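Here's the structure, in structure tokens; my notes come after.
All values reported here derive from a predicted model rather than from experimental measurement. Indexing begins at 1, ligand by ligand and atom by atom, following the structure's order.
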Amino acid sequence: MVMCKGFPIVLVLLSLSECRRARDPGLQYSGGETTVFVTSSLAFSSPAANLDVDKMPAFTFGNRVFNTNWVTAPSSTKNFDGLGPFFNRVSCSSCHLLDGRGQPPETPKDTMDSMLVRVSLPGESEVGGPRPHPIYGDQINDRAILGVKPEGRITVRYVEIAGNYPDGKHYDLRRPVYSFRLNYGDAPGILFSPRVAPAIHGLGLLEAIPEAAILAIARLQASSGIQGKPNYVFNALTGGKSLGRFGWKANVPTLRQQNAGAALGDIGLTSEIFPRENITAIQKDNKALASVAGLGGDSVDLKTEFLDDLTFYTQTLGVPARRNHKDPEIRKGEQIFSQIGCSGCHVPTFETGEHPAGIKEVSHQVVHPYTDLLLHDMGSDLADGRPDFQASGSEWRTPPLWGIGLVEAVNRHTTLLHDGRARNLEEAILWHGGQAARAREAFKNMSEKERTLLLRFLKSL
Ligand code: HEC
Ligand code: HEC
């Protein structure tokens, strides 16, 4: 029980039996015993500090699959061919560079190199998700194998929006505007959702947070004006519905499904979970596509053993430790974070339960992810207008903030939010609306000194 000191009451009640097992190594240890002390460009790439040595080969091979550049079939490298015909990038790591996060193009001339655009039509698919577009499916693939035209290209330009804090200090925001050039026919009425690749450290811990703990947070929030909502989404492994945890709208329930979905949707690799090529019925009639070798073959591109290790890899990346968490100014920033209601959604502490696949390294850990894994209405400015299972067009999952201060060291940029429109932490806060408007207003109304303390705290995560 002593170990539960400092926990929100509700979590203590929920996890009385587990308190005895979990050790809280302290706030510095964002990922509990998985926490790694790395601040270099490899801050998101280290195996969990407590990873059993016997499991290193699986982690290492998973890392290799994550970094593999897939090639067109048939090739001499049988294990790593089957790219496309449509794809966005040839490897996982080209979007999740160094296991970190992507960024949007800076100008209309730049291609989307580490983000993608999901699409659909109004209505629902047969599994309750977004209704795929009859020509373009659920994602625009802006690249294709030799001899096949990509689905199209989406460019972005920015409109600057100037604003002032109540104390007179000036700020600028930029709003993205997208243009579509589609190669297989117009798509009137298409809904779209631009999304940058999130960093992938600590995800096994998020997978191990008990559903009951997440729902308890939603109940707590209901009385505070920031009603978080769980997303219940299609589970491709059970055929039923499960709590969504991954993706910007918590639109995917498990890492295995997320990874197999990425393999198919982003690289064009079939797997045991998604064995059919990513081509719509209408596209199949296209001559260039029909002649592509390897289509409709019996074997899958991403072997099941490879998907196993890839998934293990994404489940066991450690979380970088906080820096300077005892610095009095940073502690002050942390107090402000909770006083103005940021921590209502970016919940600092959870205790993981038993990981569903029994991975002991991420089980029963006291962690500090700064997320509730719930959906929140963030207002019309951030809305994409594209529903995703229970998520409306203006709802987004609270992203975890652990490691956010190291994005610059890893990815050499500081862009944030689902579409990368925020150029830094301050802009990310200023875009908060809807249920987070109160916290944003409190931020704007603080003194510049207090705002700086809050930002310093965020950089320490
Ligand atoms: C074209 C860029 C791109 C490529 C290539 C890509 N991803 Fe992603 N990844 C994304 C985006 C964008 C998201 C968020 C998806 C969403 O919100 O639906 C994401 C989400 C994820 C997540 C969940 C992260 C979270 O915090 O919820 C994991 C895990 C992941 N990808 C793994 C992979 C793996 C494994 C591969 C290779 C098989 C891969 N990705 C290839 C862009 C990419
Ligand atoms: C009502 C819930 C809620 C509150 C309150 C809230 N946030 Fe957020 N926060 C979110 C959601 C949801 C997003 C993702 C929005 C998007 O990408 O469009 C987000 C995104 C962020 C991001 C960018 C993260 C990333 O990975 O891109 C930062 C930084 C952040 N919030 C900090 C704060 C701070 C600081 C406060 C207090 C001033 C705060 N948030 C209050 C829900 C909330």
Side-chain angles (χ1 to χ4, degrees), residues 62 65-66 68 70 87-96 101-102 112-118 139 141-143 193-203 206 221 225-228 245-252 255 258-267 269 271 302 307 310-311 313-315 336-338 340-346 370-372 374-379 381-384 388 394-401 404 407 415-422 424-429 431-444 454-455 457-458 461:
V65 177
F66 194 80
T68 291
W70 291 78
F87 59 95
N88 290 82
R89 298 305 306 266
V90 299
S91 71
C92 307
S93 58
S94 35
C95 282
H96 303 276
R101 69 189 282 150
M112 286 189 172
D113 286 342
S114 49
M115 76 182 290
L116 54 85
V117 179
R118 299 214 182 288
Q139 175 175 331
N141 291 127
D142 53 11
R143 293 166 172 86
S193 181
R195 304 184 187 187
V196 298
I200 60 156
H201 57 281
L203 298 182
L206 298 185
Q221 289 171 342
I226 52 165
Q227 303 90 337
R245 295 169 190 256
F246 304 105
W248 284 99
K249 289 198 187 240
N251 39 308
V252 178
L255 286 168
Q258 173 71 51
N259 295 340
L264 183 68
D266 306 347
I267 310 184
L269 305 174
S271 63
L302 178 63
L307 176 60
L310 180 65
T311 299
Y313 174 71
T314 58
Q315 285 163 330
I336 297 172
F337 183 80
S338 93
I340 67 173
C342 309
S343 59
C345 299
H346 297 281
Y370 295 90
T371 173
D372 54 8
L374 294 167
L375 300 170
H376 295 275
D377 189 321
M378 295 298 283
D381 283 342
L382 286 176
D384 61 3
D388 208 333
S394 56
E395 287 176 325
W396 300 96
R397 177 201 70 164
T398 312
L401 299 180
I404 203 153
V407 170
T415 65
L416 295 168
L417 297 177
H418 67 271
D419 52 12
R421 69 174 72 187
N424 51 48
L425 291 162
E426 183 181 357
E427 289 187 17
I429 300 171
W431 276 112
H432 279 56
Q435 295 178 0
R438 255 210 351 237
R440 179 203 63 215
E441 284 307 299
F443 174 74
K444 285 173 81 170
L454 178 64
L455 296 172
F457 159 68
L458 293 174
L461 294 177

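Taking every heavy atom of Gly247 and a limit of under 4.0 angstrom, the matching atoms of ligand 1 come to 16 (C), 17 (O), 25 (C), 27 (O). Within ligand 1, the atoms closer than 4.0 Å to a non-hydrogen atom of Trp248 are 14 (C), 16 (C), 17 (O), numbered from 1 in the order shown. For ligand 2, the atoms sitting less than 4.0 Å from at least one non-hydrogen atom of Gln435 are 1 (C), numbered in the order shown with element in parentheses. Residue contact check: Arg397 has heavy atoms under 4.0 Å from atoms 12 (C) of ligand 2. Close approach of ligand 1 to Ser91 (heavy-atom distance below 4.0 Å) involves ligand atoms 5 (C). Counting atoms of ligand 2 from 1 in the listed order, those under 4.0 Å from a heavy atom of Ile340 are 38 (C). Counting atoms of ligand 2 from 1 in the listed order, those under 4.0 Å from a heavy atom of Leu425 are 29 (C). Residue Leu416 approaches ligand 2 through these ligand atoms, each under 4.0 Å from one of its heavy atoms: 25 (C), 27 (O). Within ligand 2, the atoms closer than 4.0 Å to a non-hydrogen atom of Gly341 are 5 (C), numbered from 1 in the order shown. Per-residue contacts place Met378 under 4.0 angstrom from the following atoms of ligand 2 (heavy atoms of the residue considered): 9 (N), 10 (C), 11 (C), 12 (C), 13 (C), 42 (C).
Taking the centre of each ring, His376 and Trp396 stay at or above the 6.0 Å mark.
Closer than 2.8 Å to atom 8 (Fe) of ligand 2 sit the protein N, O or S atoms His346 NE2, His432 NE2.
Inclusion of Asn259 in the set of residues having an N or O under 3.5 Å from an N or O of ligand 1 is not warranted. Considering backbone and side-chain atoms alike, Asp266 places an N or O below 3.5 Å from some N or O of ligand 1. In terms of polar-atom proximity, Ser94 is not counted as a contact of ligand 1, lacking any N or O under 3.5 Å from an N or O of the ligand.
Taking atom 7 (N) of ligand 1 as the reference point, the nearest protein heavy-atom neighbour is His96 NE2, 2.9 Å.
Between Asp142 and Arg89 no salt bridge is recorded (no basic side-chain N to carboxylate O distance below 4.0 Å). Salt bridge Asp384/Lys249: present, at least one basic N to carboxylate O contact under 4.0 Å.
Remark: of the listed residues Arg118, Arg195, Arg397, Arg195 is the sole one forming a salt bridge (charged side-chain N to carboxylate O under 4.0 Å, His left out) with Asp388.
Within the 4.0 Å heavy-atom criterion, the part of Ile404 lying near ligand 2 is the side chain and not the backbone. Counting heavy atoms closer than 4.0 Å to ligand 2, residue Trp431 contributes nothing at all.
Residues Thr371 and His346 have side chains not in contact (no heavy-atom distance under 4.5 Å, counting atoms from C-beta outward).
Residue-ligand proximity: Glu395 is placed with every non-hydrogen atom at 4.0 Å or more from ligand 2.
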